[in-house]
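Chain letters run A, B, ... following the sequence lines, proteins first and then strands; every chain starts at 1. These numbers were taken from a predicted model, which means no experiment stands behind them.
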Amino acid sequence: MRASQLLMPTLREVPAEAEVVSHQLLLRAGFIRKVAAGIYNILPLGWRVVRKIMQIIREEMDRQGGQEIMMPIVQPAELWQESGRWDVYGPELFRLKDRHGRDFCLAPTHEEIVTALVRQEVNSYRQLPLLLYQIQNKYRDERRPRFGLMRGREFIMKDLYSFDRDEAGLDISYQKMFTAYTRVFQRCGLRFRPVEADSGAIGGNVTHEFMVLAESGEALVVFCPREECGYAANVERAVSPPRREEAVEEARAVQLVSTPSMHTVTQVAAYLGVEPSRIIKTILFQTEKGTVAALVRGDREVNEVKLQRVLGVLRLEMADAEAVEEITGAAPGYAGPVGLKGVEVVADEEVTGMVNAVAGANKNDAHLLNVNPGRDFAPHRVADIRQVRAGDPCPRCGEALQEARGIEVGQIFKLGDKYSRALGAYYLDEYGQSRPIIMGCYGIGVTRTMAAAVEQNHDENGIIWPVPIAPYHVVVVPVNYREEAQAQLAEEVYRELLAAGIEVVLDDRPERAGVKFKDADLVGYPLRITVGARAVETRNLEVRYRATGETQEVPLEGLVSHVQEFIASAVRG
RNA sequence: CGGGAUGUGGCGCAGUUUGGUCAGCGCGCUUGCCUUGGGAGCAAGAGGACGGGGGUUCAAGUCCCCCCAUCCCGACCA
């Protein structure tokens with residue numbers, strides 16, 4: 001490709017709208033352009049990257065027996081009503097009506113339609129297992145689209161659905177996808193980690209997320225530093241054995257103390273001279289089933305995802321000040337479990353072992369001393385609702401856990417029979433028994449993977465593409481294209497690389513060398529071959545490696561094989 | 001959804017406080033000269049009617065109202 005003909009509108013300045021690095025660089029390097037909030041054009045360079053990621057995914061899906069299909073984006077409401085999600089999905093579902101007034105939606109995911117397809121076409125155990133996938137646009141009207149491609153309203157996703165006779169079959173399909181995903185992200189040249197995760201609204205219990213490790217990641221994960229142990233989990237899901245202090249004190253009588261204007265754990269702890277871990281923190285949440293009080297030790301935080309699971313609710317929000325006052329009779333900051341009425345009380349496991357604890361008095365500017373769970377209040381439920389953090393012991397081996405941030409680029413779920421029952425996808429087994437098909441679903445955010453790759457691989461000059469997903473592998477830069485000898489040599493180099501099947505751009509633009517170098521760094525070609533006066537003289541070409549910044553002189557005769565070897569070894573990983 | 005900010009040529013911005021040559025600057029773009037190893041220089045140009053609508057006024061990017069779009073933040077973890 002000649003740069004003079006390539007639609008590669010690079011920008012010198014950072015567009016004001018871009019906050020995160022991947023967004024800035026993809027815009028500046030001319031990979032994407034915004035059309036509306038969370039909706040983008042993908043330009044030639046960007047599309048090449050997307051296609052490479054898609055190709056790797058295809059190969060790995062096919063390797064596991066996946067069959068590629070294509071399903072519609074526009075889907076009738078009836079299917080979503082059958083599964084119950086028309087009502088549950090809420091405002092994130094793009095809804096529309098056709099000219100006759102019939103309801104449709106733009107698919108945010110394809111469980112309904114694929115299950116409907118399979119229920120029609122699959123009737124016998126002989127047709128199972130089945131792995132169907134597609135690479136398709138998805139639509140989610142995000143409350144707040146942000147971070148460029150990271151959280152868009154329209155994005156490209158690979159979604160595969162597995163159909164098995166039973167749980168044992170599902171286990172095999174799930175394992176296949178775990179393997180496939182591991183290979184996909186390895187082949188993309190990304191540093192990533194599979195973690196145990198919460199399954200959220202999609203349902204099911206076993207699920208892993210694949211996280212590309214990057215500082216800017218929205219997700220927080222904890223992992224065991226012991227390689228042999230391997231425990232890793234999203235904090236939404238992570239568990240750790242409870243830490244209970246041994247009771248060394250006699251339980252004393254409850255005492256009311258004044259704590260004027262002390263409404264945070266830190267303030268109360270300092271004011272009363274106690275450790276935050278001796279305080280019972282009481283947080284009120286509102287759910288569709290009513291208000292709930294969650295109790296955790298003062299040095300802990302409530303894990304809302306865990307709490308949501310324990311309660312089995314879909315909606316969970318912290319109560320506002322008004323609601324807190326109504327229920328506790330005091331401003332926020334003074335809620336406590338003792339004498340609290342009209343709400344379900346859920347205590348974290350660690351709370352039950354506390355002795356002579358401090359808690360809010362449900363009275364302004366007052367706390368209670370010597371509160372003892374069991375004696376002074378009885379929680380309706382005791383469960384693990386605390387957030388695990390770095391330093392907590394690993395649930396498998398006890399080692400101190402560490403934290404990292406990640407970008408979720410893939411997730412694999414065991415769905416079970418949720419959708420097959422709702423939509424009536426049954427098969428006949430060899431005894432003539434009708435059974436629900438057991439399903440799994442497996443997604444990879446393709447456009448998000450591109451953004452994540454940039455988040456993880458860049459420097460102050462631009463993108464540093466992992467070789468397997470780089471838009472082109474090589475850029476040939478004549479220092480002065482008007483210099484006949486240089487132009488000719490550059491053309492020669494370009495032709496040879498092309499003839500060898502190498503993905504190469506010839507920067508034949510009538511720009512000064514500095515501009516071309518800057519663009520080469522920005523766009524992130526793994527290799528840059530500079531053709532200057534020296535090269536004309538010596539027939540040795542300067543090869544520069546984007547990742548390391550190192551340069552090397554390579555004779556023209558050996559250039560093609562040199563480049564080929566570099567690419568091959570990088571793609572092999 | 002709530003809160004905040006912004007909206008002026010392709011990009012980045014100034015101008016709005018104190019209505020009146022305000023429609024401007026840098027980059028990019030076009031043409032010419034010159035230059036050519038890290039975003040050169042000179043010269044001459046093209047390009048916007050100031051997010052949209054409605055008001056106030058002799059006069060509105062500048063003041064008022066409504067709407068739209070974009071970006072950021074989001075519950076006092078009690």
Nearest to the side chain of H263(A) - C76(B), G39(B), G37(B)?
C76(B)

Spacing of the P atoms in U17(B) and C27(B) (rounded, Å)
29 Å

Could you measure between the two C1' atoms, the one in U70(B) and the one in U30(B), and give it in whole Å?
31 Å

Step-by-step side chain to side chain donor-acceptor pair (under 3.5 Å) determination, E542(A) to T551(A)
CA-CA 6 Å; E542(A) 176 191 295; T551(A) 59; 5.3 Å; no

Over all strands shown, is T328(A) touching base, sugar-phosphate only, or nothing at heavy-atom distances under 4.0 angstrom?
nothing

Interatomic distance at P, A40(B) relative to U36(B), whole Å:
13 Å

Identify, with sequence neighbours excluded, every residue that meets ring-ring contact (aromatic ring centres under 6.0 Å, His included) alongside Y525(A).
none

Looking only at the side chain of E301(A) (C-beta and beyond, no hydrogens), which of the listed nucleotides U36(B), C77(B), U70(B) gets closest?
C77(B)

Please give, in whole Å, the distance from G38(B) P to D507(A) CG?
15 Å

Does R146(A) pair with E17(A) as a salt bridge, N-O distance under 4.0 Å?
no

If I take atom CD1 from residue I385(A) and atom CD from residue E301(A), how far apart are they, to the nearest 0.5 angstrom?
12.5 Å

Whole Å only: how far is the CD atom of E19(A) from the P atom of U6(B)?
16 Å

Using the P atom in both, what is the distance from G41(B) to C50(B), to the nearest Å?
33 Å

Would you mind classifying the nucleic acid contact of G360(A) as base, sugar-phosphate or nothing, using non-hydrogen atoms under 4.0 angstrom?
nothing

Spacing of the C1' atoms in C73(B) and A59(B) (rounded, Å):
40 Å

Of G37(B), U36(B), C77(B), the nucleotide closest to the side chain of M318(A) is C77(B)

Salt bridge or not between D384(A) and R386(A)? Use side-chain N to carboxylate O under 4.0 Å.
yes

Residue of the set L149(A), L45(A), N41(A), L25(A) for which side-chain contact (heavy atoms from CB on, under 4.5 Å) holds with F31(A):
L45(A)

Expected label for G54(B) (glycosidic angle, syn inside 90° of 0, else anti) would be anti

Closest to the A16(A) side chain: C13(B), U70(B), C11(B)?
C13(B)

How would nucleotides 46-52 of chain B be written as a contact map, 5' to 3', with B for base contact, S for sugar-phosphate-only contact and - for no contact, using protein heavy atoms under 4.0 Å?
-------

If you apply the rule side chain to side chain donor-acceptor pair (under 3.5 Å), what do you find for Y139(A) with E154(A), and how did you get there?
CA-CA 5 Å; Y139(A) 296 83; E154(A) 176 184 77; 2.5 Å; yes

Answer yes or no: is there an ion pair linking R546(A) with D459(A), defined by an N-O contact shorter than 4.0 Å?
yes

Between CG of D348(A) and P of C77(B) the distance, given in whole Å, is 18 Å

Only one of D365(A), T328(A), T259(A), N364(A) passes side chain to side chain donor-acceptor pair (under 3.5 Å) with Y334(A), and that residue is D365(A)

Integer angstrom distance from the P of G4(B) to that of C65(B):
14 Å

Please determine, for the side chain of A513(A), which listed nucleotide (C11(B), G37(B), C77(B)) has the closest atom?
G37(B)

What's the closest nucleotide to the R144(A) side chain, out of C73(B), C77(B), G39(B)?
C73(B)

Taken to the nearest whole Å, CG/N480(A) to P/A40(B) is 14 Å

Heavy-atom protein contacts under 4.0 Å, nucleotides 24-33 of chain B, coded B base, S sugar-phosphate only, - none
--BSSS----

Among C77(B), C72(B), U36(B), the one nearest any side-chain atom of R146(A) is C72(B)

Could you please name the option among C11(B), U36(B), G38(B) that lies closest to any side-chain atom of L11(A)?
C11(B)

Would you mind classifying the nucleic acid contact of A319(A) as base, sugar-phosphate or nothing, using non-hydrogen atoms under 4.0 angstrom?
base

Ring centroid separation H23(A) to Y40(A) under 6.0 Å
yes

Of V14(A) and T266(A), the one whose nearest nucleotide on RNA chain B sits closer to the 5' end is V14(A)

Look at the side-chain N and O atoms of R143(A) and state whether any lies under 4.0 Å from the OP1 or OP2 oxygen of C1(B).
no

Is any side-chain N or O of R300(A) closer than 4.0 Å to OP1 or OP2 of C77(B)?
no

Under-4.0 Å salt bridge between R300(A) and D392(A):
yes

So, does the side chain of R28(A) form a donor-acceptor pair with the base of G12(B) at under 3.5 Å?
no

Can you check the distance between G9(B) and U56(B), where both ends of the measurement are the P atom (answer in whole Å)?
28 Å

Within the 4.0 Å heavy-atom criterion, would you say E483(A) contacts the bases, only the backbone, or no part of the nucleic acid?
nothing

Using the P atom as the reference point in each nucleotide, state the distance between G20(B) and C63(B) in Å, no decimals.
11 Å

Could you tell me if D198(A) and N234(A) have a donor-acceptor pair between their side chains, going purely by distance under 3.5 Å?
no

Atom-pair distance (NZ on K34(A); C1' on U6(B)), nearest Å:
12 Å

Return the value, rounded to whole Å, for the distance between atom CZ of R33(A) and atom C1' of U70(B).
16 Å

Rounded distance (Å) that lies between atom P of C1(B) and atom CG of D320(A):
18 Å

In Watson-Crick or G-U wobble terms, with both distances under 3.5 Å, the base opposite G7(B) is C68(B)

Looking across every strand, which nucleic acid part, if any, lies under 4.0 Å from E304(A) by heavy atom: base, sugar-phosphate, or nothing?
base

Options G39(B), G37(B), C77(B), nucleotide nearest the side-chain atoms of D519(A)
G39(B)

Are any of the side-chain nitrogens in R544(A) or D521(A) under 4.0 Å away from the carboxylate oxygens of its partner?
yes

With a 4.0 Å cut-off on heavy atoms, is R528(A) in touch with a base, just the backbone sugar-phosphate, or nothing at all?
base

Both V324(A) and K518(A) contact RNA chain B. Taking the nearest nucleotide for each, which residue is further toward the 5' end?
K518(A)

In terms of side-chain heavy atoms of T530(A), which of G38(B), G37(B), G39(B) is nearest?
G37(B)

Look at all strands and tell whether V265(A) reaches a base, only sugar-phosphate, or nothing, counting heavy atoms closer than 4.0 Å.
sugar-phosphate

Nearest-Å distance, CD (E317(A)) to P (C76(B))?
13 Å

